Asker: 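One structure coming up, written as structure tokens, with questions to follow.
All figures in this text were calculated on a predicted structure; none of them were measured in a lab. Numbers here are sequence positions counted from 1.
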Amino acid sequence: MKHILTSLLTMFLVALSLGAASTKDKKPSWEKPDMKEIQKAVNDPSSKYFYPKLLRMFERNDTAMNLKQFRHLYLGYVFQEDYNPYRRSEYSSMVEDLYYRGKHTPAECDTIIKYAELSLKDDPFDLRQMTFLIYAYREKQKNHLASIWQYKLNHLLEAILSTGNGLKPENAWIVTNPQHEYNLINFHDYIAESHEDAPPHYDYIAIKPKNDKDPKGFYFDVLYVLSEYNRKFPEETADEQQEKASPADDNGSSENEPAPGNSGNSTPQ
């Protein structure tokens, strides 16, 4: 299975490369978000960051959205009543077998598009499904739609990256979904080797360094993930929560999962 996943990753890299500088090649500046300010803004109907307004812009594929709007959209999700950090659409795994094929027919691409779109209606921040959707659109020569979704994907990734540098707990990247931790690892072309809890509310993922200058791992701030899960499911044990948080695919491997970040080789403007 590992070599199949690697082949698929290579396929995404080739198929979705737009010839521009990759976002991951930049050293994006970051600023620790003021979550109280974000909470106030996204819940204020008079604010330009009022959450329903941002979500409507996102859903109608408004490519005028800037990074600050994406930060409020992504981080502000934790203050919405329907926030569920372990949300996963029933459609996201219905055509899982198609994802591991080296080549897809036009009909198979149509199927991937169908279920990716259905999945994203249930979970608008499923970065993995965005990756598959972009790939299938490109294969179908629907480049305009692919570019729109590439813009959305890149900006969501940048919104996460803008929250820290991941090197220390105090500078951890804030994620609203445990799966996004592995999306970020893949985005940087690293392979995750192990996962550890780092109390009081951090995850640490050890990586396989590519050279001596690479860090040994990255920290993720999961305060809102843990708080919301404990609020909604207080009866579940910590072990059950961690099992739900596991990003492993149905074959038990997340090592070379097709990476949304790796599929985004264009820098949004």
Asker: According to salt bridge (Lys or Arg N to Asp or Glu O under 4.0 Å), does anything in residues 159-180 pair up with another residue at least two apart or in another chain? List the pairs.
Answerer: none

Asker: Answer yes if the side chains of Q39 and N43 hold a donor-acceptor pair under 3.5 Å, and no otherwise.
Answerer: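 No donor-acceptor contact under 3.5 Å links the two side chains.
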
Asker: Parallel under 30°, tilted from 30 to 60°, perpendicular over 60°: which one fits the rings of F58 and F125?
Answerer: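 Tilted: the ring planes of F58 and F125 meet at 30° to 60°.
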
Asker: Do any N or O atoms from the side chain of Y151 and from the backbone of T63 form a donor-acceptor pair under 3.5 angstrom?
Answerer: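 Side chain of Y151 to backbone of T63: a pair is present.
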
Asker: State plainly whether the residues E96 and R128 are in salt-bridge range, i.e. N to O under 4.0 Å.
Answerer: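 Result for this pair is yes, salt bridge flagged.
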
Asker: Where the side chain of D214 meets the backbone of N211, is there a donor-acceptor pair that is under 3.5 Å apart?
Answerer: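 Indeed, once roles are kept as given, a pair shorter than 3.5 Å links the two residues.
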
Asker: Which atoms form the tightest heavy-atom contact between I174 and P33, and what is the distance?
Answerer: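 Looking at all heavy atoms of both residues, the shortest contact is CD1-CG, 3.5 Å.
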
Asker: Got a sec: does the CG of D212 have more than 12 other heavy atoms crowding it under 6.0 Å?
Answerer: no

Asker: Do Y190 and F218 have their ring centres less than 6.0 Å from each other?
Answerer: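 Between Y190 and F218, the centre distance is under 6.0 Å.
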
Asker: Is there a path of hydrophobic side-chain contacts, each under 4.5 Å between heavy atoms, that joins M65 and I134?
Answerer: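 Per the 4.5 Å side-chain linkage, M65 and I134 are co-clustered.
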
Asker: Would K103 and E139 pass as an ion pair if we require N to O under 4.0 Å?
Answerer: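 Salt bridge: yes.
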
Asker: Between K40 and E37, is there a salt bridge with N-O shorter than 4.0 Å?
Answerer: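 Salt bridge: no.
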
Asker: For the ring pair (Phe, Tyr, Trp, His ring centres under 6.0 Å) test, which of Y77, F220, Y74, Y86 pairs with H180?
Answerer: Y74

Asker: From Q80 CD over to E228 CD, what is the distance, rounded to the nearest 0.5 angstrom?
Answerer: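 Q80 CD to E228 CD: 10.5 Å, rounded to 0.5 Å.
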
Asker: Test side-chain hydrogen bond (donor to acceptor under 3.5 Å, both in side chains) on E158 and N154; report intermediate values, then the result.
Answerer: CA-CA 6 Å; E158 286 188 15; N154 282 3; 5.8 Å; no

Asker: Is the ring pair Y219/Y204 parallel, tilted or perpendicular, if the boundaries are 30 and 60 degrees?
Answerer: tilted

Asker: Could you check if a side-chain atom of L73 sits within less than 4.5 angstrom of a side-chain atom of R71, using non-hydrogen atoms only?
Answerer: no

Asker: With sequence neighbours excluded, tell me which residues meet side-chain contact (heavy atoms from CB on, under 4.5 Å) with K53.
Answerer: F50, R56

Asker: Taking everything shown except K210 itself, do over 12 heavy atoms lie less than 6.0 Å from its NZ?
Answerer: yes

Asker: Not counting sequence neighbours, list each pair that qualifies as a side chain to side chain donor-acceptor pair (under 3.5 Å) and has a residue in residues 111-124.
Answerer: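 Side chain to side chain donor-acceptor pair (under 3.5 Å) check on residues 111-124 returns S89-D122, E117-Y137.
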
